[in-house]
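Structure first, then comments.
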Amino acid sequence: MRYIYKTVSLAGYLISKNRINGDMKRNYLGEFEEIVLLTVAVIDGDAYGVVITHEIIAQTGRDLRLNQVHAALARLEEKGMVKSTMGQPTAERGGRRKKLFSVTALGQRTLQEIQQVRESFWSRLLNPFKLSVK
Amino acid sequence: MMNPSEKNGPKPPRWADWLLGRLCTPDMLETIQGDLLEEFHYRLKLYGLRKARWRYGLEVLGFIKPQFIRKSSSEFSSHPYFSFDMLNNYFKIAFRNLRNSKVYSAINIFGLALGLATGLMIILYMADEWRVDKHHADSDRLFRVCLATPTEKWSALAGPVASGLKQDFPEVAVSARILKFSGFEEVLLKYGEGSSRKEFFEQNAYYADSTLFEVFNYDFKFGSANRALNLPNTVVLSEKVAEKMFGNENPVGKVVKIGLAFGTFDYNVTGVFRDNNKSHINAHLLLSMQNTDIGGWVTEQRNWAVNNLFHTYIKLLPGADVKSFEAKLPEFLSRRGGNDLKAMGISKSLFLQPVTDIYLKSNIGNELSPNGSITYLYIFGSIGIFILLIACINFMNLSTARSEKRAREVGIRKAMGAYRESLILQFLGESMIMSLLALLMALGLTVILLPSLNNLIGKQLQLFNDPLLLIWMSVVTLLTGLFAGLYPAFYLSSFRPVSVLKGKVLRSLAAIALRKGLVVFQFTISIILILGAVVAWQQLSFIQNQNLGFDKGQKLIIPLKSAKTSANYSVLKNELLRDPRVVSVSAGSVHPGVETMEDLLFYKENQTVQQAIDIHFATVETEYIETLGFSMVAGRPFSKEFGGDSSSIILNEAAVKKLGFDAATAIGKRLYYEFGNARREAQIIGVVKDFNFESLHTAIRPYALTTFITQKHQYLIADVRQGDYPKLISDFEKLWKKIGSDTPFTYSFLDQDFQRRYEKDQRTANIIAYFTFIAIVIACLGLFGLATFSAAQRTREIGVRKVLGASVAEIAGMLSKEFLVLILLAILIASPIAWFGMHRWLQDFAYKTEIKWWIFALSGLLTTVLAILTVSWQSIKAALMDPVISLRSD
């Protein structure tokens, strides 16, 4: 019986170690990740790969491919900024389900923090840019 | 609504789908494929099929990123094999396991260490034997030319053969001879004057041709091999002899006096060779052959049939075809020596022996010194492997037996997500650590035991001589660890966590059967070794107690090594006979226990030399027969009253029979022989009972005693009364000095000389006995471990039985029985194998003991008793346990 006790304590140790590692992960977003996260927030509820891609293309005019968006979404999910649920299958997807993304509380807070930081910088800008410099 | 994914609708490129399906992780595949397809239809409407397909392919290639690619079947991303924490944990658990079960660990490690140490020592021994004569450059082109007669093989040739080979065959690059003058290979060395004067006998002094160093490589410490023996009366010393005589000084150019049978001669030292390279030649001194002492006799050797005393070596040219060269030898011999052979009535042929094979494989007549034996090498090698195997089996058995204790650990680890591979790695690692510990211990053991082993086998083995050997040993150890850990590792890691954690006892039938099979195997080997050792001892005592045909007890042998001491024989004899402790004194050219070199062809009246038979002979003084206690079958011994018997001969029964006489009618018959180019005559005056002159390895040969053919004052033989030998020897030595002998006094006892003939067998028997002991110890260690385990496993059962009224004896019997059955099985398997092996071994002896049934009974009984002792210790301990305690633990 002594043995089981030891091994269980080992398991607990490993779990706690993992959690610490999770907390230590970086908490900032890249520019593209931020845009994807914003897009998910904007679409709110029905955000999945294709829609997000089309929305970003429409809003920014960038040439964007699905795999880039998927990679960003996977990173965001790993960071805990978005969460996903599986949606309904549709015919034009060949009967496959959508993966629907929504922003988590952490994601919302992060977006707000970014916004606040930017606003504080903008407000300190004494001489706002004129649209035509020289 | 039309379904776009219908069969005949537009489709994305198939290769891209296939690629995605192969590479993408399954949990992401559905979403990605769905999104891709939706995008495809979107673009199809907007830009048309071609562009949509193009875009689809591009997208798929874009998904080939680490994030999306399929990993190992697990959903976790990192492999924990080598994470520091897990390694740390493995070590901790391994250490705790060692500590918590001290008995198991000790048995495991000590058993393996013992096996490894034995293996290590055997490898050292084998490597040492193997290296002999392997150091010569071009060793594949070096051969010894030997002689075969219809009855025996002989390692030396007549004098002129060597130069004949060189002259007649272009493929012979160089030939060289070594002359071992039998009986004279021990010489007296003298150097210096006054207080720094050194004088001692030295063994293995051979004459050699100056070309010897062109055939063989000798590593010269002083002087050089080139032209070392070119001048007459030059000598090359071995390092040891040079040290004994000159210390560390360079002796080249110094003159030593060498006392030979024909007188004392001055020799000029031209070189000293190192002893590090072993050769079957094993010379301590090499004398040049064209000397003032023996040179004249050597040059006279023109006859191709007689005096086959020259060991002849040749080096062939590179690329020479050995087979076709050997095929030309018969023609060569009959062309050059045909007349001589015909005149002597001898038929013989030449054959080649590779020099590298001589030490291990050759055991023919007149070897320079006793050789090793490949058979013994194989025997030792296989014993070593078997002992190592027994130790490995212990390790495996104990580990699997113990696995039950660790089953829960495996269950928890698996439940926590451990991979099977990481578990295998863990257990293999543990067994590797154990085996490395065992290796360290084995090295320690070897260092401690090597001096006694060297003592036993008469070698100077060193552990740290050969780094390559140690590397090999480490490899063997790690392999042992791997091999021993393999089964437990795979067995343990295959446990199913659910059943293990439920507490279900893991007792697979296969595992138990295997464990039992391994015990049987171990004990089979042990019993074979016991049987082998018993038969070997029996054979040796049989030989030593065999009636030799004469009395070897209380016979003192004093070699007469110089011309002066030989001449002083009668003086010495008369002085000795005045001593009341001396019964009788005689002398001869050889004495029993020494190889008889001389033989002649004898034939009867009205016959020619072509019908002659080969008889070995000794030239002896009168009273030789009485002194040595030969018994006469017919006729009379030599006697002074018959004018010294100047042409009389006494034969043994074998010779009489070979000549076609019988003992009674042979007396008075005349025999003829050719010697010194003349026909001579001898008259048979007596027949002695057959006797073994050399050793019981060889059968009795026709033998004759004469008083006149060769020098008879080589060895003085004195029959003395039992008593205070040290006093006797010192009195004899005083006498020796008094009569003015010019050599130091040396002596030996006949029974000891005879004993020396069996030294190798004795040594082998000793080694086998030690090995047997080690094998039994290891096997019993294993049995002890298993018995302990079995008793521990049945603690509760024993408790319940005791509560229900079983007696201690009943329980101990129950526990011992399961092992005894295995031992009995092992006895049954081992007996026929051992019988077969020992039967083969005995074929080497002319006189062999019978292998009797009681040997098997005895060894079986011995093993059974040992096994009972081993097992019952644990069984009784378990049976004596208080049931209250054993049942409380649940």
Side-chain angles (χ1 to χ4, degrees), chain A residues 1-18 20-22 46-58 63-79 82 84-101, chain B residues 1-6 9 11-12 17 20 24-25 27-45 55-56 58-68 77 80 83 85-86 89 92-93 96-97 100 405-413 415-417 501 889:
Chain A
M1 285 302 118
R2 232 174 104 199
Y3 212 80
I4 287 197
Y5 167 69
K6 275 184 191 168
T7 335
V8 166
S9 71
L10 158 77
Y13 166 77
L14 287 177
I15 289 165
S16 63
K17 191 120 197 179
N18 266 332
I20 291 166
N21 285 343
D46 197 29
Y48 66 97
V50 179
V51 175
I52 297 168
T53 313
H54 290 173
E55 183 64 25
I56 295 174
I57 293 173
D63 182 28
L64 203 57
R65 287 205 300 266
L66 264 175
N67 60 64
Q68 293 165 311
V69 175
H70 270 265
L73 283 169
R75 282 200 298 275
L76 284 170
E77 194 170 17
E78 205 175 286
K79 288 175 187 171
V82 295
S84 64
T85 53
M86 299 308 281
Q88 292 303 309
T90 66
E92 61 183 349
R93 297 172 65 86
R96 294 183 182 87
R97 289 177 298 173
K98 294 170 184 168
K99 195 174 191 182
L100 298 174
F101 290 91
Chain B
M1 178 181 153
M2 193 194 92
N3 189 343
S5 64
E6 251 176 347
K11 275 187 167 169
D17 266 344
L20 197 67
C24 192
T25 68
D27 52 314
M28 289 174 125
L29 188 64
E30 182 179 355
T31 340
I32 291 172
Q33 272 180 339
D35 276 8
L36 279 173
L37 208 60
E38 193 178 329
E39 176 78 4
F40 174 74
H41 291 300
Y42 172 75
R43 290 199 170 253
L44 185 66
K45 269 179 247 163
R55 179 71 176 200
Y56 189 96
L58 217 61
E59 284 281 14
V60 166
L61 291 180
F63 272 105
I64 304 175
K65 278 182 194 163
Q67 277 166 299
F68 305 113
S77 51
S83 88
D85 292 323
M86 281 318 281
N89 177 259
K92 202 186 273 174
I93 298 294
R96 283 179 186 162
N97 262 312
N100 282 351
K405 283 208 161 179
R406 302 193 63 179
R408 287 203 194 100
E409 180 193 341
V410 172
I412 298 282
R413 279 185 189 276
M416 294 311 298
L501 291 177
S889 70

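Protein chains get the first letters and strands the later ones, always in sequence-line order, with residue 1 at the start of each.
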Got a salt bridge between K98(A) and D35(B), using NZ or NE/NH1/NH2 to carboxylate O under 4.0 Å?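 No salt bridge links K98(A) with D35(B).
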
Distance from [X] atom [atom1] to [Y] atom [atom2], nearest 0.5 Å?
{"X": "E38(B)", "Y": "T53(A)", "atom1": "CD", "atom2": "OG1", "result": "9.5 Å"}
{"X": "L36(B)", "Y": "N67(A)", "atom1": "CG", "atom2": "CG", "result": "8.5 Å"}
{"X": "M28(B)", "Y": "K99(A)", "atom1": "CE", "atom2": "NZ", "result": "5.0 Å"}
{"X": "I32(B)", "Y": "H70(A)", "atom1": "CD1", "atom2": "NE2", "result": "5.5 Å"}
{"X": "E92(A)", "Y": "E39(B)", "atom1": "CD", "atom2": "CD", "result": "11.0 Å"}

Closest contact, heavy atoms only, E59(B) versus L66(A):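 So the minimum-distance heavy-atom pair works out to OE2-N, 2.6 Å.
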
Looking only at heavy atoms, which two atoms of R55(B) and D63(A) are closest? And how far apart?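 That would be NH1-OD1, 3.7 Å.
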
Among all residues two or more places apart in sequence or in another chain, which pass the side chain to side chain donor-acceptor pair (under 3.5 Å) test with E30(B)?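 Counting only residues at least two positions away or on another chain, E30(B) forms a side chain to side chain donor-acceptor pair (under 3.5 Å) with R97(A).
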
Chain A contact via Y42(B) - which portion, at a heavy-atom distance below 4.5 Å: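 Side chain only.
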
What residues, two or more places apart in sequence or in another chain, satisfy side-chain contact (heavy atoms from CB on, under 4.5 Å) together with L29(B)?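 Per chain and number, L29(B) pairs via side-chain contact (heavy atoms from CB on, under 4.5 Å) with L20(B), C24(B), Q33(B).
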
Between G49(A), A71(A), G87(A), which residue shows the highest count of heavy-atom pairs closer than 4.5 Å to chain B?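 The residue among G49(A), A71(A), G87(A) with the greatest pair count is A71(A).
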
